[in-house]
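These notes are about the structure you will find just below.
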Amino acid sequence: APLPNDRANPVSGTLFISGGGRMPESSMQRFVDFGGGEDCRLVIITTASEAADTPDVDSRVAPFRSLRVADLCVLHTRDRDVANSHEFCMPLENASAVWFIGGHQSRWTEVYLDTRVERCLRQLLDRGGLIGGTSAGAAIMSQVMIKGGKPEPELERGLGFIPGTVVAQHYLQRRRQDRLLT
């Protein structure tokens, strides 16, 4: 499918985008503070991770469990029908903040683009909520998303939360300067 024209309207909520790697605890606390502090109703979406279907994903969620929030829910599926279900999306309808962990951004877009999950995320931002992510969770924020390729970028449609922008995660660490310039 052709990539969309990058003319989406900017969001009204808050985006918290981290380029990749582990975030310092102070940054995680700042994210939670933006999401309501101790009243934060946090949803962590782990689908981009290859470990999302295993207990190993707990190590990626554990740093958030040490922060004081009103509620923390981990959300994951690899099934688009599930992503379109009201029951699966209920935590998003009540969330004040959503965090996308890293992995591969195509795992996320294959399951959630054009589903009820995506609509719930837009509604969260429309009501002034917070969405953040690291690595693949950062890449999905732009409308035109780099999904891979070196040095030629492979492009895919992302969420379009920040029009006119491409998020290049792990830019220096993985020597992705030429890919972004291309």
Side-chain angles (χ1 to χ4, degrees), residues 8-78 82-105 107-109 111-113 115-142 145 158-163 165 167 169-170:
N9 293 323
V11 299
S12 39
T14 301
L15 299 175
F16 193 106
I17 302 171
S18 174
R22 290 200 183 272
M23 280 199 330
E25 187 176 330
S26 60
S27 294
M28 292 186 331
Q29 183 60 58
R30 187 81 168 146
F31 173 78
V32 167
D33 290 345
F34 282 137
E38 291 185 14
D39 294 327
C40 180
R41 294 174 317 284
L42 175 60
V43 174
I44 300 176
I45 300 179
T46 60
T47 304
S49 174
E50 65 185 22
D53 295 310
T54 73
D56 293 342
V57 78
D58 290 340
S59 68
R60 305 286 301 279
V61 175
F64 285 98
R65 293 194 193 283
S66 66
L67 303 172
R68 298 180 78 162
V69 296
D71 187 42
L72 188 149
C73 174
V74 176
L75 208 56
H76 165 64
T77 187
R78 300 243 187 252
V82 172
N84 269 312
S85 73
H86 173 72
E87 185 175 304
F88 183 79
C89 293
M90 284 179 61
L92 294 171
E93 293 170 0
N94 297 312
S96 61
V98 172
W99 183 260
F100 304 117
I101 69 169
H104 198 284
Q105 48 271 38
R107 287 188 193 111
W108 197 95
T109 56
V111 176
Y112 298 118
L113 272 184
T115 67
R116 186 179 194 128
V117 167
E118 181 181 358
R119 289 188 301 277
C120 286
L121 293 171
R122 293 188 183 285
Q123 290 167 356
L124 169 64
L125 289 172
D126 287 344
R127 65 179 187 264
L130 169 67
I131 294 179
T134 187
S135 188
I140 63 174
M141 302 285 182
S142 56
M145 175 184 81
L159 287 167
F161 291 154
I162 42 177
T165 303
V167 176
Q169 78 283 31
H170 306 288

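Just so it is clear, the model here is predicted, and its values are computed rather than measured.
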Practice item. Can you see which heavy atom on G133 is nearest to which on M141, and at what distance? Key: N-CE, 3.8 Å

Practice item. Compare every heavy atom of A95 with every heavy atom of R127, then report the nearest pair and how far apart it is. Key: NH2-O, 2.7 Å

Practice item. Look at the side chain of S135 and the backbone N and O of G137, then say whether any donor-acceptor pair between them is shorter than 3.5 Å. Key: no

Practice item. State, to 0.1 Å, how close V69 and L72 come at their nearest heavy-atom pair, and which atoms those are. Key: CG2-CB, 4.1 Å

Review point. Would R116 and E93 pass as an ion pair if we require N to O under 4.0 Å?
Key: yes

Check your understanding: What closest approach, in Å, do M23 and S18 show between heavy atoms, and which atom pair accounts for it?
Key -> CG-OG, 3.6 Å

Exercise for review: Report the C-alpha separation of L159 and T109 in whole Å, then their side-chain angles, then the decisive distance to 0.1 Å, and conclude whether the side-chain contact (heavy atoms from CB on, under 4.5 Å) test is met.
Suggested key: CA-CA 8 Å; L159 287 167; T109 56; over 6 Å; no

**Study point:** By side chain to side chain donor-acceptor pair (under 3.5 Å) - contacts of R107 (at least two apart)
**Key:** none

Revision key, fill the gap. Between the CD1 atom in I101 and the OG1 atom in T134, the distance rounded to the nearest 0.5 Å is 9.5 Å

Let me have the donor-acceptor pairs involving side chains of residues 42-51, under 3.5 Å, with sequence neighbours excluded, atom names and distances please.
unit_1 : atom_1 : unit_2 : atom_2 : d
T47    : OG1    : H76    : ND1    : 3.0
T47    : OG1    : Y112   : OH     : 2.7
S49    : OG     : A51    : N      : 3.0

**Study point:** Trace of the side-chain contact (heavy atoms from CB on, under 4.5 Å) decision for V117 with V111
**Key:** CA-CA 9 Å; V117 167; V111 176; over 6 Å; no

Tell me which donor-acceptor pairs under 3.5 Å the side chains of residues 31-41 have, and how far apart each pair is, sequence neighbours excluded?
unit_1 : atom_1 : unit_2 : atom_2 : d
D33    : OD1    : Q29    : NE2    : 2.8
R41    : NE     : N94    : O      : 2.4
R41    : NH2    : N94    : O      : 3.1

Review point. Taking it one step at a time, do R122 and F161 satisfy side-chain contact (heavy atoms from CB on, under 4.5 Å)?
Key: CA-CA 8 Å; R122 293 188 183 285; F161 291 154; 3.6 Å; yes

Exercise for review: Looking only at non-hydrogen atoms, find the nearest pair between C120 and C89 and report the distance.
Suggested key: SG-CB, 3.8 Å

Exercise for review: Would you mind listing every side chain to side chain donor-acceptor pair (under 3.5 Å) that reaches into residues 57-73, with sequence neighbours excluded?
Suggested key: none

Practice item. Begin with the C-alpha distance, continue with both residues' side-chain angles, and end with the deciding distance and a verdict on side-chain contact (heavy atoms from CB on, under 4.5 Å) for I131 and L125. Key: CA-CA 7 Å; I131 294 179; L125 289 172; 3.7 Å; yes

Point to revise | Qualifying residues under side chain to side chain donor-acceptor pair (under 3.5 Å), relative to R119, sequence neighbours excluded | key: none

Review point. Of the non-hydrogen atoms in L121 and F100, which two are nearest, and what is the gap between them?
Key: CD1-CZ, 3.7 Å

Practice item. Kindly write out the residues that satisfy ring pair (Phe, Tyr, Trp, His ring centres under 6.0 Å) with F88, not counting sequence neighbours, or none if the list is empty. Key: none

